[in-house]
Amino acid sequence: MPELPEVETTRRGIEPHAAGRAIREVIVRRHDLRQPVTPGLDDIAGRRITGVRRRSKYLLIDIDDGRVLLVHLGMSGSLRVTDAAAAWRKHDHVALTLDSGAQLRYHDPRRFGLVLLLPHGAETNHPLLARLGPEPLGDGFSAATLAAACRNRSATIKQVIMDGGVVVGVGNIYASEALFRAGIRPRTRASRVGPRRLARLAEAIRAVLGEAIGQGGTTLRDFVNSDGNPGYFRQRLFVYDRGGEPCRVCATPVRRAVVGQRSTFWCPACQKP
DNA sequence: CGAACCTCCTGCGGGC
DNA sequence: TGCCCGCAGGAGGTTC
């Protein structure tokens, strides 16, 4: 479900409620997520949250003793700010009660997500984070780094931009959208996309992610932000989930195929091999 | 090393 | 209405 814009939307929603707050209570109702919730998580009760950061699709909740609470939303997760007295919903697995009376609730039906407490200083070399590529909206990602990643790769261009070692945060929706904006068909081999088109693609990735953050992310089915509201970028999608519908630029029917095990959408007229 | 395939889990929509 | 099937926004693991 959540890609980078949805995670960033969540971060922006959580941060004002969480930063500076003390954690009054930690509640773990289910620990069997993709990895078990760190045993002894309630050890952070009484500590204070100093900030909420994001790296790739991970949320990093900083604790005042230097530890970091790492949260990943997987395919179906959300992190919401509720009143501590609010009724529990099915699949609310972890909650932090804050000294404001609010509660951060982690909700994840499919349990593909993570809630892990990392020791002080362990964040940069943690296996989940250590090998991540550059942030798409940061300085580390450019036409040059994308071109270097595409050189001698036989994989499709779509698979390369979804490879977190190349650039993080580009998931299945925004991969199709960025390729549409760059005019490149998703099944084109990465090594066959020229430098000018790669430059266009790098810019398209930045643009689509930036705009999606501005709209509070994309809700296809069940993404909700920290207030429980959907994101509005879906109406700006050009191709994703629009198979058979007219291209919003040229009216040619949008095509769908499975590329790298994932549904993929493109306009056969606007996008070239 | 890269690429293809499989897996975790629950819910929902479509077809019959 | 109800049941079965396929599919879903992520990403780590296995195999060749």
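Within every chain, numbering begins at 1; the chains are lettered A, B, ... in the order of the sequence lines, protein sequences first and strands thereafter. Since the model is a prediction, treat every value here as computed from it, not as a measurement.
Between A/Asp64 and A/Arg47 there is a salt bridge, since a side-chain N of the basic residue sits under 4.0 Å from a carboxylate O of the acidic one.
An OP1 or OP2 oxygen of B/dG11 is reached within less than 4.0 angstrom by a side-chain nitrogen or oxygen of A/His91. Applying the 4.0 Å criterion to OP1 and OP2 of B/dG11, one finds that A/Lys90 has a side-chain N or O inside that range. In terms of phosphate contacts, A/Arg221 brings no side-chain nitrogen or oxygen within less than 4.0 Å of OP1 or OP2 of C/dC7. For B/dT10, neither phosphate oxygen OP1 nor OP2 lies less than 4.0 angstrom from any side-chain nitrogen or oxygen of A/Ser76.
Residue-nucleotide stacking is present for A/Phe112 and B/dC8, judged by a side-chain ring centre under 5.5 Å from the six-membered base ring centre and planes under 30° apart.
Remark: P of B/dC1 and CZ of A/Arg153 are 12 Å apart, rounded to the nearest angstrom. For A/Leu114 and C/dA11, the CG to P distance is 9 Å, given to the nearest whole Å. Taking atom CD on A/Gln261 and atom C1' on C/dG12, their separation rounds to 14 Å, with Å as the unit. Taking atom CG of residue A/Leu59 and atom P of nucleotide C/dG10, one finds them 15 Å apart after rounding to whole Å. Straight-line distance from the CD atom of A/Gln159 to the P atom of C/dA11: 15 Å, rounded to whole Å. Rounded to an integer number of Å, the gap from A/Asp241 CG to B/dG13 P is 13 Å. When the P atom of B/dA4 is taken as reference, atom CZ of A/Arg187 falls 13 Å away, rounded to whole Å. As a whole-Å value, the separation of A/Arg262 CZ from C/dG6 C1' is 15 Å.
No engagement by A/Phe233 is indicated, since no non-hydrogen atom pair under 4.0 Å with the nucleic acid exists. Residue-level contact check: A/Tyr174 touches neither bases nor backbone, having no heavy atom under 4.0 Å from any strand. As judged by a 4.0 angstrom heavy-atom cut-off over every strand, A/Arg111 is placed among residues touching the sugar-phosphate backbone only. Residue A/Arg256 is classed as a sugar-phosphate contact, given heavy-atom separations below 4.0 Å to backbone atoms only.
Among B/dG2, C/dA8, C/dA11, the nucleotide with an atom closest to any side-chain atom of A/Met75 is C/dA8. If you check C/dA8, C/dG12, B/dG2 against the side chain of A/Leu128, the one that comes closest is C/dG12.
For the salt bridge (charged side-chain N to carboxylate O under 4.0 Å, His left out) with A/Arg53, the qualifying choice from A/Glu123, A/Glu15, A/Glu8 is A/Glu123, the only one to do so.
Of the two residues near DNA chain B, A/Val160 and A/Arg110, the one whose nearest nucleotide lies more 5' is A/Val160.
Two residues are said to be in side-chain contact when any heavy atoms from C-beta on lie closer than 4.5 Å; A/Gln215 and A/Arg236 meet this criterion.
Spacing between B/dC5 and C/dC7 at atom P, rounded to whole Å, works out to 15 Å.
Side-chain contact of A/Arg189 with A/Ser154: a donor-acceptor pair under 3.5 Å is absent, judged by distance alone.
Judged by the 6.0 Å distance and 45° axis criteria, A/Arg34 is not positioned over the aromatic ring of A/Phe112. The cationic atom of A/Arg105 (NZ for Lys, CZ for Arg) lies less than 6.0 Å from the six-membered ring centre of A/Trp88 and within 45° of the ring axis.
Between the side chain of A/Arg34 and the base of C/dA11 there is no donor-acceptor pair of N/O atoms closer than 3.5 Å.
Pairing for B/dG15 goes to C/dC3, judged as Watson-Crick or G-U wobble with the two contacts each under 3.5 Å. The pairing partner recorded for B/dA3 is C/dT15, the criterion being a Watson-Crick or G-U wobble arrangement whose two distances lie under 3.5 angstrom.
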